[in-house]
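Reading through the structure tokens given below for one structure.
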Amino acid sequence: MYPVENKEIELGYPVTVKGKEYKSLTMRRPKVRDQLIADKQNQDDFDKEVHLLSLLTEVEKEVIQELDLNDFEEVQQTLVGFRKKSSEKETSSKE
């Protein structure tokens, strides 16, 4: 069984940036290059995370910055879920 490649995240509080409304975000699995890009282009850890999340959801950083904190936490948890090993996911989902 292969891990999920993408996950759609429904936003509890949609945001509008540059005239476009975002009701959901689709996040893909992270790659090393995504982390390298975020790390090289930002000094602050929080800015690195926002940049990484924008890369993985393929939206501008401003969209991530406009998210309600509850939605932001869900996006963060999705990233954490991608980083878990498959066996950890299977174990936690069976309980």
To the nearest 0.5 angstrom, please state how far the CG atom of Asn42 sits from the CD1 atom of Ile37. 11.0 Å
If you look only at pairs with a residue in residues 35-73, which of them pass as a ring pair (Phe, Tyr, Trp, His ring centres under 6.0 Å), with sequence neighbours excluded? Phe46-Phe72
Please check if Leu25 and Val15 belong to a single hydrophobic cluster, counting links between Ile, Leu, Val, Met, Phe, Trp and Tyr side chain heavy atoms closer than 4.5 Å. yes
How far does NZ of Lys48 sit from CD of Gln41, to the nearest 0.5 angstrom? 12.0 Å
What is the distance from atom OG1 of Thr16 to atom NZ of Lys23, rounded to the nearest 0.5 Å? 9.5 Å
Between atom NZ of Lys7 and atom OG1 of Thr78, what is the distance when rounded to the nearest 0.5 Å? 4.0 Å
Under 4.5 Å between any side-chain heavy atoms of Arg29 and Lys31, yes or no? no
Does Tyr22 have any ring-ring contact (aromatic ring centres under 6.0 Å, His included) partners at least two apart in sequence or in another chain, and if so, which? none
Out of Leu56, Val50, Leu53, which residue meets the side-chain contact (heavy atoms from CB on, under 4.5 Å) rule with Val75? Leu53
Do Gln35 and Asp39 get their side chains close enough for a donor-acceptor pair, meaning under 3.5 Å? yes
Taking atom CD of Glu8 as the centre, report whether more than 12 heavy atoms of other residues, nucleotides or ligands fall under 6.0 Å from it. yes
To the nearest 0.5 angstrom, please state how far the CG atom of Leu52 sits from the CD1 atom of Ile64. 9.5 Å
Please, which pairs that meet side-chain hydrogen bond (donor to acceptor under 3.5 Å, both in side chains) have at least one residue in residues 54-74, sequence neighbours excluded? Lys18-Glu60
Inter-residue atom distance Asp34.CG - Arg28.CZ, 0.5 Å rounding: 4.0 Å
